[in-house]
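Quick caveat, the model's predicted, so the values are computed rather than measured. Computed from heavy atoms alone, side chains included, the values below leave out hydrogens, waters and symmetry copies.
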Amino acid sequence: ARGRTVDREPVGHLTMTNEAFLETLCAPAGSRPPLIVAELSGNHNQSLDRALRLIDAAADCGVDAIKLQTYTPDTITLDVARDEFVVNNPQSVWHGRTLHDLYAEAHTPWEWHRPMIEHAVRRGLAWFSSPFDFTAVDFLAELGAPCFKIASPELVDLPLIRHAARMGRPLVMSTGMAAFAEIGEAVAAARSAGASEVVLLKCTTDYPASPKNSNLRTMSDLARQFDCPSGVSDHTLGLGVAVAATALGAVLIEKHLTLARAGVPYGLGLPRRCDLRPRRARARLRARPPLPLHRRRRARGRAAHASEPS
């Protein structure tokens with residue numbers, strides 16, 4: 001299944017190479033099981049040791065790939081304290097903090113990328129990352145990234161999409177904050193600049209998201225409207241929505257993974273409740289049929305492309 005080969009090292013599971021990952025990513029919908037991707041985000045708490053343990057946890061869960069985020073605080077925002085660069089919501093746990101400070105906590109240092117990638121390969125995992133500027137695209141290309149992930153907020157950054165597409169590799173693009181016309185512009189930019197494939201992910205930009213707002217029929221509609229593979233970046237609790245996405249032909253399912261979800265700060269200062277813990281992920285990935293059917297039905301929803309909670 002999934003074009004895997006038996007690993008030559010005793011890592012306890014089968015190997016997903018970058019080549020096999022791409023082969024499955026570009027296969028016709030429903031012809032193979034979906035790729036399961038563990039998004040590591042900023043859950044390393046600025047500890048390389050913790051980052052490597054996250055990769056071990058992902059491999060032990062049986063996922064196919066890890067995904068990183070590649071930026072620095074200086075490439076994603078400005079180090080200023082003007083109102084538009086400060087969290088001013090008094091209800092926020094980050095009230096009063098600057099965006100630069102928060103991104104400094106959440107980013108994965110670029111010097112960590114190579115040891116993290118090498119560890120993922122040793123554990124039989126494919127890997128890729130989300131670049132947020134041209135320098136990140138170039139850096140990831142030098143590291144041999146098999147594809148690039150365009151995050152939901154960057155879907156309207158057409159110059160970034162074109163630059164990544166010029167590398168001639170697939171682009172996986174989340175659509176969580178985009179209207180239908182914006183998705184069309186992003187797909188056209190990627191294809192015209194040379195992307196070898198475009199994969200669109202339905203994404204609900206709530207943390208956590210509710211199954212009833214998942215509207216997974218959008219995933220199938222994206223595949224039909226843009227003639228491309230589709231999948232889901234799932235921010236709901238558990239794996240019910242992921243199972244529904246599988247039934248609807250998802251080629252890729254992305255879930256955030258953390259070593260702890262309550263009481264231990266990580267990433268941008270506090271755990272997000274959408275992150276899945278390894279023990280629960282392992283049990284659910286190995287026993288998908290018993291998951292609640294009502295969650296699957298609710299998750300289908302309707303086709304919705306506007307920036308609703310989407």
Side-chain angles (χ1 to χ4, degrees), residues 39-52 54-55 66-89 92-120 127-167 169 171-174 176-178 182 186 189-190 193 203 205 207 233 254 256-258 265-272 275:
E39 163 66 81
L40 304 189
S41 187
N43 296 347
H44 45 65
N45 279 18
Q46 289 301 308
S47 164
L48 178 57
D49 177 70
R50 186 179 179 89
L52 299 178
L54 270 169
I55 294 169
I66 60 164
K67 191 188 81 66
L68 311 177
Q69 295 181 4
T70 306
Y71 64 88
T72 72
D74 292 322
T75 61
I76 203 168
T77 190
L78 299 177
D79 189 7
V80 296
R82 296 201 306 263
D83 282 351
E84 61 268 36
F85 293 94
V86 176
V87 179
N88 291 316
N89 181 358
S92 172
V93 295
W94 307 310
H95 181 240
R97 297 194 60 187
T98 68
L99 295 179
H100 192 275
D101 285 346
L102 293 173
Y103 284 123
E105 285 187 11
H107 84 290
T108 300
W110 288 24
E111 61 269 23
W112 291 7
H113 279 58
R114 190 175 296 278
M116 290 176 68
I117 291 165
E118 290 173 350
H119 191 62
W127 71 276
F128 62 111
S129 185
S130 295
F132 288 81
D133 77 307
F134 284 24
T135 64
V137 171
D138 297 343
F139 175 65
L140 292 170
E142 290 175 3
L143 291 175
C147 60
F148 301 101
K149 164 75 184 293
I150 303 298
S152 288
E154 312 309 312
L155 196 73
V156 294
D157 188 346
L158 300 185
L160 175 65
I161 289 173
R162 292 189 185 100
H163 187 68
R166 290 189 190 103
M167 302 298 169
R169 306 171 198 190
L171 295 192
V172 179
M173 303 197 292
S174 278
M177 301 175 72
E182 292 171 328
C203 178
T205 51
Y207 299 88
S233 179
E254 178 186 84
H256 288 250
L257 185 71
T258 183
Y266 65 79
L268 292 181
L270 284 176
R272 289 184 300 270
D275 290 334

Quick one: closest heavy-atom pair of [X] and [Y], and the distance?
X      : Y      : answer
Gln46  : Ala104 : NE2-O, 3.7 Å
Trp94  : Val87  : O-CB, 3.3 Å
Leu171 : Ala190 : CD1-CB, 3.7 Å
Ala178 : Leu155 : CB-CD2, 3.3 Å
Ala120 : Ile66  : CB-CD1, 3.8 Å
Ile161 : Ala186 : CD1-CB, 3.7 Å

Check whether any side-chain N or O of [X] sits under 3.5 Å from a backbone N or O of [Y] as a donor-acceptor pair, and report yes or no.
X      : Y     : result
Gln69  : Leu40 : no
Ser129 : Leu68 : yes
Ser41  : Asn43 : no

Compile the donor-acceptor pairs under 3.5 Å between side chains in residues 140-153 and protein atoms, sequence neighbours left out, one pair per line.
residue : atom : partner : partner atom : Å
Lys149  : NZ   : Ser174  : OG           : 3.3
Lys149  : NZ   : Glu254  : OE1          : 3.2
Lys149  : NZ   : Glu254  : OE2          : 3.2
Ser152  : OG   : Gly176  : N            : 3.0

Which distance, rounded to the nearest 0.5 Å, do you find between the [atom1] of [X] and the [atom2] of [Y]?
X      : Y      : atom1 : atom2 : value
His119 : Ile55  : NE2   : CD1   : 5.5 Å
His107 : His44  : NE2   : NE2   : 7.5 Å
Leu78  : His100 : CG    : NE2   : 8.5 Å
Phe85  : Thr98  : CZ    : OG1   : 10.5 Å
Leu54  : Met116 : CG    : CE    : 7.5 Å
Tyr103 : Thr75  : OH    : OG1   : 10.5 Å

- prompt: Should the pair Tyr71 and Phe132 be assigned to parallel (<30°), tilted (30 to 60°) or perpendicular (>60°) ring geometry?
  reply: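 The rings of Tyr71 and Phe132 stand perpendicular, inter-plane angle above 60°.
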- request: Can you label the angle between the Phe139 ring and the His113 ring as parallel, tilted or perpendicular, going by 30° and 60°?
  value: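 Taking His113 first and then Phe139, their aromatic rings stand perpendicular (interplane angle over 60°).
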Residues which pass salt bridge (charged side-chain N to carboxylate O under 4.0 Å, His left out) with Arg82, listed by chain and number, not counting sequence neighbours: Glu84
- prompt: Can you name the salt bridge (charged side-chain N to carboxylate O under 4.0 Å, His left out) partners of Asp83, sequence neighbours left out?
  reply: none
- request: Side-chain contact test, heavy atoms from C-beta onward, threshold under 4.5 Å: evaluate it for Asp157 versus Asp133 and give yes or no.
  value: no
